[in-house]
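The chain is numbered in sequence order, starting from 1. None of the values given here were measured: they were computed from a predicted structure.
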Amino acid sequence: MRSARVFLRSVALSSVLLLTATACGGDDSGGGGGGGGTAGGGGDAPRIAAVFSGTTTDADYTFLGLEALQAAEEAYDAETTFSESVAVPDAQRVLREYVADGYTVIWTHGSQFYDATVAVAEEAPDVVFIAEQDTQPEGVPDNVWVLDRNFHLAFYPLGILAAATTQSQQIAYLGGATLPFSYSEVHAVEQALADVGSSATLTPVWTGDLNDPTRGQQFTSQLIAGGADVVLGSLNLGMVGAFEAVKAEPAGAVRITAKYTDKSELAPDHYLTSVLYDFAVMLEEIIGQVQDGETGGYLGMSFEQGISMQPPTGVDQAVVDQVDEVIDGLTNGEIEVERDVTPVE
């Protein structure tokens with residue numbers, strides 16, 4: 001199963017590369033598409049529906065959701081389906097349709113759907129919902145599992161790596177939308193820089209759209225022109241444009257990091273690393289607990305479960321060792337990263 005998922009990721013990344021020439025921006029809103037199939041399970045097999053904000057061919061966040069759904073289908077003999085490119089205003093309608101269709105577990109892949117998920121969960125107490133958040137919220141209905149993505153944990157070692165890599169002492173953060181999770185990433189990098197006594201300046205910017213390659217390229221080019229030589233990317237499909245911008249620079253002059261999946265093929269001479277997310281292990285654990293009768297709860301991602309980091313490329317081994325030590329400290333509790341969602345001015 002693992003090798004099949006790796007193959008699928010390669011296919012999806014190839015699709016993104018082919019789409020680069022025609023990408024023209026805009027968010028992934030609109031109607032949903034159906035998919036999935038039945039595994040012929042017995043009466044106790046779950047029927048799982050997923051709601052995605054983007055397209056499953058993005059080689060990024062939505063594709064990871066599809067991988068997780070497919071893994072759960074195989075692990076639990078489940079019937080699965082999904083809707084992609086669902087806009088937030090349409091989420092409650094889509095969720096109610098899945099409730100009416102008899103799905104027993106409904107997962108919304110993205111914190112932007114949290115409020116809609118909780119609202120529909122209160123209407124349908126016999127259905128289990130899985131909602132993503134970037135906190136451990138209070139007042140959660142008994143039939144809701146909260147999957148905490150803990151993005152701030154992932155960006156702390158990126159801050160350490162950026163401090164050790166920059167030559168210009170100018171680091172940039174490239175986000176898509178000014179949301180709490182994005183603020184927490186910026187503040188985690190700030191904490192990392194302070195913890196190692198770095199004098200580097202961090203410049204955070206937001207393109208206004210996670211999935212617009214054109215804006216990703218424009219903003220990255222502006223950051224490079226302003227002197228940034230390390231760009232910490234926190235976009236989805238928009239990262240395609242960010243990589244195009246760094247490729248216009250001499251090899252190694254500007255380094256870039258990514259998020260969610262391996263994107264080294266997009267700019268191998270400028271690629272630094274990516275923090276990788278595995279939603280399959282999270283979804284499988286939650287579904288397992290649901291099958292055991294736990295209809296609600298909390299599960300946070302960490303470097304022990306769901307988050308990992310590719311070994312940095314093009315840096316001294318001492319830098320790789322430093323990053324590894326930091327991740328070990330995050331894992332064993334020696335390093336604590338504050339989850340600070342204070343808006344960045």
Would you give me the side-chain donor-acceptor pairs under 3.5 Å for residues 308-315, sequence neighbours excluded?
unit_1: Gln310; atom_1: OE1; unit_2: Tyr271; atom_2: OH; d: 2.5
unit_1: Gln310; atom_1: OE1; unit_2: Ser274; atom_2: N; d: 3.4
unit_1: Gln310; atom_1: NE2; unit_2: Asp262; atom_2: OD1; d: 3.2
unit_1: Gln310; atom_1: NE2; unit_2: Asp262; atom_2: OD2; d: 3.4
unit_1: Thr313; atom_1: OG1; unit_2: Tyr271; atom_2: O; d: 2.8

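- The backbone N or O of Glu284 sits less than 3.5 Å from a side-chain atom of Tyr76, completing a donor-acceptor pair.
- For Thr104 (side chain) and Pro46 (main-chain N/O), no donor-acceptor pair under 3.5 Å exists by modelled atom type.
- Rounding to the nearest 0.5 Å gives a distance of 14.0 Å between CZ of Phe155 and CD1 of Ile160.
- In terms of modelled atom types and a separation under 3.5 Å, the side chain of Asp58 and the main chain of Phe63 share a donor-acceptor contact.
- Side-chain atoms of Leu193 and Ile171, non-hydrogen and from C-beta on, do get closer than 4.5 Å to each other.
- Checking side-chain atoms of Glu79 against main-chain N and O of Ile48 turns up no donor-acceptor pair under 3.5 Å.
- Counting heavy atoms from C-beta on, the side chains of Thr108 and Phe52 never come closer than 4.5 Å.
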- Task: Show your reasoning for whether side-chain contact (heavy atoms from CB on, under 4.5 Å) applies to Leu95 and Thr117.
- Result: CA-CA 7 Å; Leu95 292 171; Thr117 306; 4.2 Å; yes
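- In terms of heavy-atom proximity, Asp340 sits nearest to His187 at O-CD2, 3.0 Å.
- Here the straight-line distance linking atom CD1 of Ile335 with atom CG of Leu153 works out to 11.0 Å at 0.5 Å rounding.
- The shortest non-hydrogen separation linking Val341 to Ser184 is CG1-CB, 4.2 Å.
- For Glu84 (side chain) and Thr55 (main-chain N/O), no donor-acceptor pair under 3.5 Å exists by modelled atom type.
- Between the side chains of Arg149 and Ser111, a donor-acceptor pair is found at a separation under 3.5 Å.
- Between the side chain of Trp107 and the backbone N or O of Leu283, no donor-acceptor pair lies under 3.5 Å.
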- After noting the C-alpha distance and the side-chain angles of Glu285 and Gln305, does the key distance pass the side-chain hydrogen bond (donor to acceptor under 3.5 Å, both in side chains) rule? CA-CA 10 Å; Glu285 178 168 332; Gln305 185 176 30; 2.4 Å; yes
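- Here the closest non-hydrogen pair linking Ala78 and Ala72 is CB-O, 4.1 Å.
- For the pair His109 (side chain) and Ala131 (backbone), a donor-acceptor distance under 3.5 Å is absent.
- Taking CD of Gln133 as the reference point, atom CD of Gln112 lies at 10.5 Å (rounded to 0.5 Å).
- His152 places no side-chain N or O within 3.5 Å of a backbone atom of Asp134 that could act as its donor or acceptor partner.
- A donor-acceptor pair is defined here as one N or O able to donate and one able to accept, closer than 3.5 Å; no such pair exists between the side chain of Asp148 and the backbone of Leu299.
- Contact check for Tyr156 versus Val189: no side-chain heavy atoms found under the 4.5 Å cut-off.
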- Full working for side-chain contact (heavy atoms from CB on, under 4.5 Å) between Thr214 and Gln217: CA-CA 5 Å; Thr214 300; Gln217 183 171 0; 6.0 Å; no
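- Within 6.0 Å of atom CG in Asp324, more than 12 heavy atoms from other residues, nucleotides or ligands are found, so the atom counts as buried in its surroundings.
- Between Tyr98 and Phe129, the distance from one ring center to the other does not fall under 6.0 angstrom.
- Heavy atoms only, all atoms of each residue included: Asp77 and Ala45 are closest at O-CB, 3.3 Å.
- Hydrophobic cluster membership differs between Leu276 and Leu272, with clusters built from Ile, Leu, Val, Met, Phe, Trp and Tyr side chains linked at under 4.5 angstrom.
- Side-chain contact between Phe113 and Val118: absent, with no pair of heavy atoms (C-beta onward) separated by less than 4.5 Å.
- The shortest side-chain heavy-atom distance between Trp145 and Val290 falls under the 4.5 Å cut-off.
- Counting heavy atoms from C-beta outward, Pro157 and Phe303 have side chains that approach closer than 4.5 Å.
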Which donor-acceptor pairs under 3.5 Å do the side chains of residues 223-239 make with protein atoms, sequence neighbours left out?
unit_1: Asp229; atom_1: OD1; unit_2: Thr166; atom_2: OG1; d: 2.6
unit_1: Asp229; atom_1: OD1; unit_2: Ser168; atom_2: OG; d: 3.1
unit_1: Asp229; atom_1: OD2; unit_2: Gln167; atom_2: N; d: 2.7
unit_1: Asp229; atom_1: OD2; unit_2: Ser168; atom_2: N; d: 3.0
unit_1: Ser234; atom_1: OG; unit_2: Tyr173; atom_2: OH; d: 3.4
unit_1: Ser234; atom_1: OG; unit_2: Glu185; atom_2: OE1; d: 2.7
unit_1: Ser234; atom_1: OG; unit_2: Lys259; atom_2: NZ; d: 3.0
unit_1: Asn236; atom_1: ND2; unit_2: Asp60; atom_2: OD2; d: 2.9

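- Pro137 and Val146 make their closest contact through CD-CG1, 3.9 Å (heavy atoms, listed as atom of the first residue, atom of the second, distance).
- Separation of atoms CZ (Arg93) and OG (Ser83) is listed at 8.0 Å; rounding is to 0.5 Å.
- Note on Val205: it clusters hydrophobically with Phe243, by side-chain heavy-atom contacts below 4.5 Å among ILVMFWY residues.
- When atom types are taken as modelled, the side chain of Asn332 and the backbone of Glu334 share a donor-acceptor pair closer than 3.5 angstrom.
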- Message: Under the criterion side-chain contact (heavy atoms from CB on, under 4.5 Å), I'd like the reasoning laid out for Val105 against Arg47: C-alpha separation, chi angles, the key distance, then a yes or no.
- Response: CA-CA 6 Å; Val105 179; Arg47 301 185 67 219; over 6 Å; no
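- In the hydrophobic cluster analysis, where Ile, Leu, Val, Met, Phe, Trp and Tyr join through side-chain heavy atoms closer than 4.5 angstrom, Tyr61 is grouped together with Val281.
- In this structure, Phe279 and Tyr277 have parallel ring planes: the angle between them is below the 30° cut-off, well short of the 60° mark.
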- Query: Could you walk me through whether Thr342 and Tyr183 pass the side-chain contact (heavy atoms from CB on, under 4.5 Å) check?
  - Reply: CA-CA 6 Å; Thr342 305; Tyr183 295 144; over 6 Å; no
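- Nearest heavy-atom pair, Val186 versus Pro204, reported as atom, atom and distance to 0.1 Å: CG2-CB, 4.0 Å.
- For Leu179, the side-chain contact (heavy atoms from CB on, under 4.5 Å) partners at least two apart in sequence or on another chain are Ala177, Phe181.
- For Gln222, the CD atom is densely surrounded, since the number of other residues' heavy atoms within 6.0 Å is greater than 12.
- Between the CG atom in Leu69 and the OG1 atom in Thr80 there is a gap of 4.5 Å [rounded to 0.5 Å].
- The CZ atom of Arg215 sits 11.5 Å away from atom OG1 of Thr220, with the distance rounded to the nearest 0.5 Å.
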